[in-house]
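Note that these values count all heavy atoms, side chains included, but never hydrogens, waters or copies made by symmetry. What you see is a predicted model; the values in this text were computed from it and never measured.
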Amino acid sequence: MKSKLKLKGYFLPLVLAIAAVVMIISSAIISLVHQNYFQAKRQDRQIGALNIAEAGVNYYLWHLSHDNKDYCDGNACSGAGPFGPYIHQYKDTAGATIGTFSLTITPPLPNASTVKIKAVGQLTASGDTRAVVASVGIPSFARYSFLTNSEAWFGDSEETHGLVHSNTGLHFDGLADGIIAATPATYTPSACFGGDGTTKAGVWGTGGPTSYWTYPVPRVDFNQVTSNLQELQTAASTGGLSLPAIPQSGYAIQLNANGTVLIGKVTAQLDSGQAGGSCVGHTRKTSLIQSIAWEATARALPTNGIIYVDDDAWVWGTVTSRLTIVSAHLPDTPASNTRIFLQNDITYSVKNGTVALGLISQNDILVNSNSENDLVIDAYLLSQKGKVFRPYYPGNVRTKISIYGGISSYSWWTWSWVNGAGTIISGYHTTSQTYDNFLALNPPPLFPTTGAFAILAWQEEPVF
């Protein structure tokens, strides 16, 4: 009997130790479950507050789509902004108020078009808050690093940066770091763009990454530019610089490093290049400067950044501010459509977003046969009805062209021409195009737009 009592006394501490361990583990599990429950509830409240803040941005996006100049939520604006806060109730699907969003609206900077919306969402029951800041506006043509109404072909040695879009179809053998988009689901490429008579996908080729290829997508309407031209013409006549048509002539526009512009009347002579047709095709008459009758003194750049030329224009020089230069004749008739000529460098004084140049032409934007050997063009180039290109001048080969900005061309674009052996026989031997990322949110003044108001950028900010 004594030995049995000793055995029972021996197991009792072991049982108690196991029970203690079980209690500790159980307590830890219960505590962890409790913490996870409250963490989940807190996360749910935070998501709710964020959803309310996003609802505030969407509300004001809707508001701007109905009145794109109202930065005060229907109230009278006083001062330069930011305006607000404007507080709205937020209700659930049953109609019960569960929170509020507070809006602060920052209007566009001078010569800009992007509106900043700060929305602070708050849950009534818990007081949880989240804040988001969104840049909204109507996307401009300048959001595209390359845009065309025609088909296009990017070779295996080419790289694209930013958003690329074709309304007709893209043969893409290059390397991309952004979306490569086409309007059709399928199309039949022409031989000039690498086609073999068979139907291809909207974007096809040996390039990539193919995860960036997107099709079909809505087309971009170049006809919208006409209404934008009318707005630009009005802006130039009220706070900008408006240059009337000159019979059988045009204007030289030299931008100076001291922030002025020199204007001259151009006497031009015809120069023959080839474009269109079966890759080269018919003869196209271009214009070379024969003489310039300069004004006696340079002018100050317009305060609203708009220069409207009712004629052909030759543009070069140093850009020191934000400008849009338009070459267009209204009312719009094909016989009187105007062009922009490039032959000398256009350079930015700085490349930090504070300086930008948009060149808008009703017809072609073209580089002349006597262009510089190493040509630099810092600008966004938009051709509403023509091409952005250097015509085919047999045997006329230059060294390098460098573009910093972007290109929107109704028809195709090119700086170089090659023969069947791949040898460059006209144009520039080396081409370099860098997209100006600042243009996506801050295009040149009154630059033509596409579509409707949209969120261009979004980020969360801490609530203080």
Side-chain angles (χ1 to χ4, degrees), residues 49-92 95-124 127 129-140 224 227-240 242 302-306 308 321-322 324 353-354 356 440-464:
L50 181 61
N51 289 338
I52 294 175
E54 290 177 330
V57 171
N58 290 330
Y59 158 75
Y60 215 79
L61 186 65
W62 169 86
H63 189 87
L64 285 171
S65 69
H66 290 79
D67 187 350
N68 60 7
K69 300 296 183 182
D70 182 5
Y71 310 123
C72 297
D73 200 19
N75 302 290
C77 294
S78 178
F83 303 108
Y86 305 108
I87 300 174
H88 293 258
Q89 292 183 336
Y90 181 83
K91 298 181 180 182
D92 63 15
T97 299
I98 61 172
T100 60
F101 56 78
S102 174
L103 300 172
T104 301
I105 314 299
T106 303
L109 296 171
N111 298 335
S113 58
T114 302
V115 181
K116 186 169 76 173
I117 302 169
K118 181 175 182 179
V120 180
Q122 183 173 41
L123 286 171
T124 301
T129 58
R130 299 281 288 274
V132 297
V133 175
S135 297
V136 305
I138 301 176
S140 79
Q224 292 181 206
S227 61
N228 293 122
L229 293 180
Q230 294 169 344
E231 183 182 5
L232 285 159
Q233 186 181 47
T234 300
S237 62
T238 55
S242 182
T303 55
N304 67 0
I306 307 298
Y308 189 96
S321 61
R322 302 183 59 78
T324 296
T354 62
L441 294 180
N442 197 15
L446 295 182
F447 210 71
T449 55
T450 65
F453 265 93
I455 296 174
L456 306 177
W458 181 100
Q459 67 179 19
E460 185 173 3
E461 284 194 354
V463 180
F464 298 104

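Using a distance-only test at 3.5 Å, with no hydrogens or angles considered, no donor-acceptor pair links the side chain of Thr114 to the main chain of Gly137. Side-chain N or O atoms of Arg130 include none that pairs as donor or acceptor with a backbone N or O of Pro462 at under 3.5 Å. A side-chain donor-acceptor contact under 3.5 Å links Thr450 to the backbone of Pro139.
Residues meeting the salt bridge (Lys or Arg N to Asp or Glu O under 4.0 Å) test with Glu231, sequence neighbours left out: none.
Pairing each heavy atom of Ala134 with each of Val57, the nearest pair is CB-CG1, 3.7 Å. Of all non-hydrogen atoms in Lys118 and Ala131, the two that sit nearest each other are CE-CB, 4.3 Å. Minimum heavy-atom separation, Ala55 to Tyr90: CB-CE1, 3.6 Å. Heavy atoms only, all atoms of each residue included: Tyr60 and Asp70 are closest at OH-O, 2.8 Å. Pro302 and Gly239 get closest at one heavy-atom pair: CB-O, 4.0 Å. Across all non-hydrogen atoms, the minimal contact from Ile52 to Leu123 is CD1-CD2, 3.7 Å.
Aromatic ring orientation, Tyr59 versus Phe101: tilted (interplanar angle from 30° to 60°).
In this structure, CG on Asp92 lies 5.0 Å from CD1 on Ile98, to the nearest 0.5 angstrom.
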